[in-house]
Amino acid sequence: MAAPVARGECSEAALAAALADVPELARLLELDPYLKPFALDFQRRYKKFNETLNNIGENEGGIDKFSRGYESFGVHRCADGGLYCKEWAPGAEGVFLTGDFNDWNPFSYPYKKLDYGKWELYIPPKQNKSQLVPHGSKLKVVIRSKSGEILYRISPWAKYVTREGENVNYDWTHWDPEHPYKFKHSRPKKPRGVRIYESHVGISSYEGKIASYKHFTYNVLPRIKDLGYNCIQMMAIMEHAYYASFGYQITSFFAASSRYGTPEELKELVDTAHSMGITVLLDVVHSHASKNSEDGLNMFDGTDSCYFHSGPRGNHDLWDSRLFIYSSWEVLRFLLSNIRWWLEEYGFDGFRFDGVTSMLYHHHGMGQAFSGDYHEYFGLQVDEDALIYLMLANHLVHTLYPNSITIAEDVSGMPALCSPISQGGVGFDYRLAMAIPDKWIQLLKEFKDEDWNMGNIVYTLTNRRYLEKCIAYAESHDQALVGDKTLAFWLMDAEMYTNMSVLTPFTPVIDRGIQLHKMIRLITHALGGEGYLNFMGNEFGHPEWLDFPRKGNNESYHYARRQFHLTDDDLLRYKFLNNFDRDMNKLEERCGWLSAPQAFVSEKHEGNKIIAFERAGLVFIFNFHPSKSYTDYRVGTTLPGNSE
């Protein structure tokens with residue numbers, strides 16, 4: 001990072017007060033003395049976090065009870081066979097429940113208004129004790145707005161929503177199976193070095209269709225296990241009406257996407273992964289929400305506020321989506337309960353938080369270069385309400401399940417994001433090393449490989465905050481999307497379609513492309529972080545980009561798939577890349593470099609194009625020269641010995 005610009009020192013008395021208020025702030029300032037001028041910022045954040053936590057304790061009986069909102073909000077079958085319903089709709093004049101169960105009479109079951117914008121309804125059981133609302137039947141919440149408008153809405157707490165036929169909107173389907181899935185396997189131990197396979201269920205088949213949870217469970221999980229990954233990061237699980245949003249425009253936060261199957265089938269997927277010793281993370285989107293109102297959170301109670309900021313502050317101009325008001329008591333309940341729901345109902349082992357940069361700053365990262373000047377991370381541009389929410393979320397996750405993993409997608413480089421809350425940090429376990437894939441793409445786009453700067457590569461791979469762990473990756477789903485290119489495409493381009501057969505001679509493009517594909521991934525894996533991530537299919541150089549069905553491609557599924565079968569064909573060279581990826585992961589499993597201290601780089605030679613470093617008792621030597629090989633090349637090592 002760039003050297004921080006000095007800020008006026010806080011007084012000795014103020015620093016002493018900050019150190020007294022934040023239990024381990026002294027440790028953070030010892031690790032990074034440049035943060036000392038910002039001690040009061042850490043103090044304020046920590047005190048606000050503690051104050052919020054204490055308020056939850058005084059008013060709700062603690063965060064444990066507070067984060068169980070899904071047990072009372074929504075629609076629930078009671079022990080007596082009746083139905084209890086509860087919603088938060090502060091802008092509504094009236095709330096009603098309707099559906100198949102009452103022949104869609106909109107006003108026959110009115111909710112009773114409670115304090116603080118809450119509404120509740122109890123429907124007594126039928127005399128014959130049969131279910132009031134049968135499993136699989138359709139429901140709606142009816143809102144009478146203050147202007148008198150009648151609105152049909154899906155409960156924000158709905159557990160399952162479906163879309164039938166050519167319908168544009170989703171329907172709320174009551175999910176209350178007679179025999180819910182019972183987990184058979186315990187959660188795996190927290191990985192020593194996390195190797196993540198970034199996965200999307202819908203594109204996991206080679207066929208041009210939406211794949212299912214079942215398909216992923218029985219066909220893709222064994223491949224992931226065989227490749228040596230010990231963690232999967234599940235994308236696009238939270239329900240999203242628009243498939244092409246890649247799962248980032250959430251409409252129903254408590255519903256597992258029905259386009260892949262049922263909630264019970266997702267539970268089976270997670271349970272099966274656990275049986276293989278694979279940790280399962282959810283790509284959670286709490287940075288924004290879809291603008292949909294008929295099947296989303298937007299305008300739920302007839303106002304533009306409720307869950308979101310009112311007016312311009314409640315809109316993300318680039319994403320065309322709504323922004324949560326993190327200072328709202330009920331929004332905190334909703335989001336923290338959502339975190340707990342995925343941990344407890346589905347057995348997820350942690351989260352990759354999407355869009356953290358947008359959450360952390362009022363400017364949402366738009367138009368910001370983030371030079372590394374520490375002033376960029378403190379002051380009025382920081383949305384401390386969102387920051388406190390992230391601290392609360394991390395606190396909740398790690399209190400409930402101490403072995404859980406949380407990862408922040410943050411491009412800004414905010415200091416202490418991955419430091420413990422007790423130090424004044426935000427409490428994430430890892431952050432994504434987002435500069436690394438950008439560097440590889442820049443090199444491939446702008447330079448011939450003979451002009452690559454070894455020092456610049458090493459700097460990018462090692463430029464991370466001490467003791468704040470990073471997930472390194474050479475490419476993710478972003479590079480696979482249409483409009484960009486994967487590393488394999490940048491390296492081999494059109495020849496991937498004509499010269500990947502072992503029956504054809506190696507062309508210079510394919511030969512060099514395969515070499516560099518392997519080297520880029522291994523040096524990223526070994527030098528770039530404390531964890532590693534790969535997007536599904538990229539490990540073997542998937543020969544097509546990723547493009548979801550949309551109007552621009554005539555709703556085609558041709559590019560919304562992963563052709564895993566290419567690695568099974570002995571006549572194709574994709575198997576060599578796939579096998580290398582497996583060997584790389586298995587070697588890390590054996591030697592543990594991801595959990596070892598950061599590497600010592602002993603050589604970065606521009607003329608010879610050599611990078612050499614040591615980590616976890618291993619010596620890594622990379623020769624990036626396009627035409628020179630070396631014999632008896634000498635490199636220094638920490639320990640004496642031979643190469644046998």
Side-chain angles (χ1 to χ4, degrees), residues 45 49 67 190 194 196 198-200 231-238 240 245-250 253-254 279-290 307 316 319 321-324 326 331-332 334-343 346 348-361 364-365 377 382-401 403-421 425-434 465 468-473 476-478 529-531 533 535:
R45 294 172 181 180
F49 160 76
S67 60
K190 189 174 184 177
V194 62
I196 303 171
E198 190 180 26
S199 305
H200 187 291
C231 181
I232 54 175
Q233 177 185 303
M234 304 297 296
M235 306 175 65
I237 294 297
M238 300 167 74
H240 48 292
S245 74
F246 221 149
Y248 292 119
Q249 294 271 346
I250 306 301
F253 283 74
F254 286 82
T279 295
V280 188
L281 306 181
L282 176 71
D283 203 345
V284 70
V285 186
H286 283 180
S287 48
H288 64 129
S290 167
Y307 289 92
H316 195 295
W319 296 345
S321 55
R322 299 303 314 274
L323 297 171
F324 288 106
Y326 299 102
V331 171
L332 280 182
F334 179 79
L335 294 176
L336 291 173
S337 297
N338 191 235
I339 290 287
R340 185 170 192 150
W341 169 256
W342 293 106
L343 289 172
Y346 287 93
F348 282 95
D349 304 298
F351 303 94
R352 178 258 200 193
F353 281 76
D354 179 69
V356 168
T357 306
S358 176
M359 297 174 72
L360 290 173
Y361 307 98
H364 307 298
Y377 309 119
V382 176
D383 186 341
E384 293 200 344
D385 292 330
L387 188 142
I388 299 309
Y389 163 66
L390 290 171
M391 293 172 74
L392 289 166
N394 277 300
H395 171 76
L396 176 67
V397 170
H398 293 116
T399 300
L400 290 174
Y401 298 98
N403 289 325
S404 292
I405 295 171
T406 58
I407 302 169
E409 188 216 21
D410 170 46
V411 73
S412 75
M414 174 175 273
L417 188 66
C418 299
S419 297
I421 293 171
V426 184
F428 284 101
D429 294 298
Y430 297 90
R431 67 181 349 132
L432 292 176
M434 300 181 74
R465 294 184 57 78
E468 291 195 44
K469 293 186 287 188
C470 287
I471 302 292
Y473 57 108
S476 71
H477 65 270
D478 292 321
E530 291 70 38
L533 178 142
F535 177 65

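Note that the coordinates shown come from a computational prediction; the quantities given were computed from them, not determined experimentally.
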Under 3.5 Å: donor-acceptor pair, side chain of [X], backbone of [Y]:
X    : Y    : value
S287 : M359 : no
S412 : T357 : no
S358 : G355 : no

Practice prompt. Apply side-chain contact (heavy atoms from CB on, under 4.5 Å) to H398 and list each qualifying residue two or more places apart in sequence or on a separate chain.
Written response: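 H398 satisfies side-chain contact (heavy atoms from CB on, under 4.5 Å) with N394, T406, D429 only.
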I339: partners by side-chain contact (heavy atoms from CB on, under 4.5 Å), with sequence neighbours left out
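Here the qualifying residues are V284, H286, L343, F351, F353, Y389, L396, V397.
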Interatomic distance, I405 atom CD1 to I196 atom CD1 [nearest 0.5 angstrom]
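Rounded to the nearest 0.5 Å, the CD1-CD1 separation comes to 7.0 Å.
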- request: Could you grab the distance from atom CG of L387 to atom OH of Y326, nearest 0.5 Å is fine?
  value: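 Spacing of CG (L387) from OH (Y326) equals 11.5 Å.
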Is there side-chain contact between [X] and [Y], with at least one heavy-atom pair below 4.5 Å?
X    : Y    : result
I407 : F428 : no
Y377 : V382 : no
E409 : D283 : no
H200 : H477 : no
L417 : L360 : yes

With sequence neighbours excluded, tell me which residues meet side-chain hydrogen bond (donor to acceptor under 3.5 Å, both in side chains) with [X].
X    : result
S199 : none
S337 : none
H395 : none
S321 : H288

Check your understanding: With F535, which residues qualify under ring pair (Phe, Tyr, Trp, His ring centres under 6.0 Å), at least two apart?
Key ->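 Result, ring pair (Phe, Tyr, Trp, His ring centres under 6.0 Å) vs F535: none returned.
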Subject >> Listed partners of Y307 passing ring pair (Phe, Tyr, Trp, His ring centres under 6.0 Å), at least two apart >> reply: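 Per chain and number, Y307 pairs via ring pair (Phe, Tyr, Trp, His ring centres under 6.0 Å) with W88, F334.
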[X]: partners by salt bridge (Lys or Arg N to Asp or Glu O under 4.0 Å), with sequence neighbours left out:
X    : result
E530 : R464, R615
K469 : none
R431 : D410, E468
E384 : R44, R45

Note to self: Centre-to-centre under 6.0 Å for H316 and H364, is that the case here?
What the structure shows: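 Ring centres of H364 and H316 closer than 6.0 Å.
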